[in-house]
Amino acid sequence: MNILKIQHCQKRFGSLEVLKDISLNVEESQVVSIIGPSGSGKSTLLRCATLLETMDSGEMYYMDDCAVKNDENGRASYASAAQLRKIRRKFGLVFQNFNLFPHYSVLKNVMEAPILVQGRNAEEVRAEAMALLEKMGLKDKADAYPFQLSGGQQQRVSIARALAMNPKILFFDEPTSALDPELTGEILKVIRDLAAEKMTMVIVTHEMLFARDVSDSVIFMDGGVIVEQGKPSDVISNPTQERTIQFLRRFQQ
């Protein structure tokens with residue numbers, strides 16, 4: 001089943017065309033890694049997919065729900081506010097800088113959205129939140145505040161917070177870029193475990209070996225276009241496009 005379908009996405013900021021004609025499908029249980037140099041459009045694509053930025057033109061569907069399609073002038077026309085609220089409940093997003101509420105405890109950070117956004121029972125949400133924190137190795141940190149945690153612990157809280165909404169798909173925007181190598185390993189293990197549980201994920205990452213080992217599909221972007229995509233064994237281990245070869249060579253030096 002298609003969880004996410006984007007067709008002919010275009011996005012510019014002023015005169016700068018950041019996304020030129022991006023199309024992709026993400027199937028249920030699939031792990032898709034997006035790689036490429038800084039400024040290639042990776043994070044902008046993720047922000048368009050999660051409705052943090054608006055596409056200029058193109059179409060986007062979450063399962064059977066249309067988020068955006070082109071109007072008669074070829075410009076992006078977004079669904080109603082009610083429809084977009086419904087769609088937002090289908091995905092979770094983990095930021096590179098954690099974005100936790102500093103004045104909330106770890107437990108409250110995880111519980112807040114299911115209660116306020118989904119209107120769920122507080123005790124039920126609390127039980128699920130504690131189970132998620134235990135899964136992340138953070139059960140003993142439930143009453144701590146973000147400033148009392150390491151970067152790796154904060155990122156694990158942000159993953160638990162995203163999972164608390166029971167999303168159909170989880171997006172990661174360079175989830176290890178703010179972490180040192182030891183803490184990076186913590187987060188990559190969590191994502192590996194989620195992949196083993198068949199969580200549908202789209203991951204913008206600079207971790208090439210991780211992308212090769214965990215992904216079902218890899219997309220290499222540069223200059224606002226998809227240069228190459230396919231199985232990790234093809235794109236990362238045996239790329240055919242010269243631009244991909246040049247990019248990956250930097251990681252092998």
Side-chain angles (χ1 to χ4, degrees), residues 1-11 19 21-34 41-71 74-95 110 112-120 124-125 128 132 135 158-173 175 190-205 211 214-219 221 226 229-232:
M1 184 207 315
N2 253 347
I3 300 293
L4 171 65
K5 182 177 185 179
I6 296 175
Q7 293 186 300
H8 307 299
C9 171
Q10 294 184 305
K11 174 66 179 178
L19 300 176
D21 185 5
I22 301 288
S23 296
L24 63 90
N25 288 335
V26 182
E27 302 281 335
E28 188 174 20
S29 302
Q30 194 176 33
V31 178
V32 177
S33 289
I34 304 176
K42 306 184 303 295
S43 291
T44 300
L45 175 59
L46 219 64
R47 290 178 65 82
C48 286
T50 54
L51 303 172
L52 293 173
E53 294 282 0
T54 55
M55 297 158 48
D56 294 329
S57 64
E59 298 184 354
M60 182 164 68
Y61 295 83
Y62 276 90
M63 300 160 75
D64 294 328
D65 291 319
C66 178
V68 55
K69 60 184 178 182
N70 286 333
D71 62 18
R75 304 289 295 171
S77 174
Y78 276 76
S80 67
Q83 174 82 337
L84 293 179
R85 277 195 301 273
K86 178 185 176 186
I87 287 169
R88 283 190 177 93
R89 296 182 181 187
K90 296 181 187 290
F91 61 78
L93 175 59
V94 177
F95 298 90
V110 177
E112 189 77 351
I115 292 172
L116 287 185
V117 177
Q118 296 179 333
R120 294 176 55 205
E124 179 185 297
V125 170
E128 287 186 15
L132 282 169
K135 181 177 181 176
S158 67
I159 294 171
R161 179 178 64 180
L163 290 170
M165 297 291 283
N166 295 312
K168 296 291 185 185
I169 181 172
L170 203 51
F171 294 92
F172 293 85
D173 187 8
V190 169
I191 299 174
R192 285 178 194 273
D193 290 344
L194 291 172
E197 295 169 10
K198 302 299 182 185
M199 182 75 206
T200 309
M201 293 183 282
V202 175
I203 307 163
V204 170
T205 183
V214 172
S215 310
D216 299 295
S217 176
V218 173
I219 293 171
M221 288 182 64
I226 293 175
Q229 64 179 315
K231 295 177 181 177

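Other residues, nucleotides and ligands contribute more than 12 heavy atoms inside 6.0 Å of the CG atom of D71.
Rounding to the nearest 0.5 angstrom, the gap separating the CD atom in Q7 from the CG atom in D21 is 10.0 Å.
Scanning both residues, V31 and I203, for their nearest heavy atoms gives CG1-CD1, 3.8 Å. Residues A160 and V110 come closest through the heavy atom pair O-CG1, 4.0 Å. Shown here for Q30 and S217, the closest heavy-atom pair between the two residues is NE2-CB, 4.0 Å. Considering every non-hydrogen atom in both S23 and Q229, the closest pair reads O-NE2, 4.3 Å. Nearest heavy-atom pair across E27 and T200 is O-CG2, 3.4 Å. In terms of heavy atoms, V218 sits closest to S215 at CG2-CB, 3.9 Å.
Scored by the salt bridge (Lys or Arg N to Asp or Glu O under 4.0 Å) test, D65 finds K86, K90 as partners (sequence neighbours excluded). Legend: residues meeting salt bridge (Lys or Arg N to Asp or Glu O under 4.0 Å) with R120, ordered by chain and number and at least two apart, are E124, E128. With sequence neighbours left out, E112 forms a side chain to side chain donor-acceptor pair (under 3.5 Å) with Y104. Shown here are the salt bridge (Lys or Arg N to Asp or Glu O under 4.0 Å) partners of K5, two or more places apart in sequence or in another chain: there are none.
Listed by first then second residue, pairs satisfying salt bridge (charged side-chain N to carboxylate O under 4.0 Å, His left out) with a partner in residues 159-169 number zero, not counting sequence neighbours.
Side-chain contact check for V202 versus F91: every heavy-atom pair is 4.5 Å or farther apart. Contact check for F95 versus D173: no side-chain heavy atoms found under the 4.5 Å cut-off. Side-chain atoms of M165 and P114, non-hydrogen and from C-beta on, do get closer than 4.5 Å to each other. Within the 4.5 Å cutoff, the side chain of L45 has no heavy atoms near those of the I219 side chain. V26 has its side chain out of reach of F171: every pair of non-hydrogen atoms, C-beta onward, lies at least 4.5 Å apart. In this structure, the side chains of N2 and M63 stay at 4.5 Å or more apart for every pair of heavy atoms. No side-chain heavy atom of L24 sits less than 4.5 Å from a side-chain heavy atom of V32.
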Ignoring hydrogens and angles, write down the donor-acceptor pairs under 3.5 Å from the side chains of residues 51-62, residues two or more places apart or on other chains.
unit_1	atom_1	unit_2	atom_2	d
D56	OD2	R12	N	2.7
S57	OG	Q10	OE1	2.8
Y62	OH	A49	O	2.5

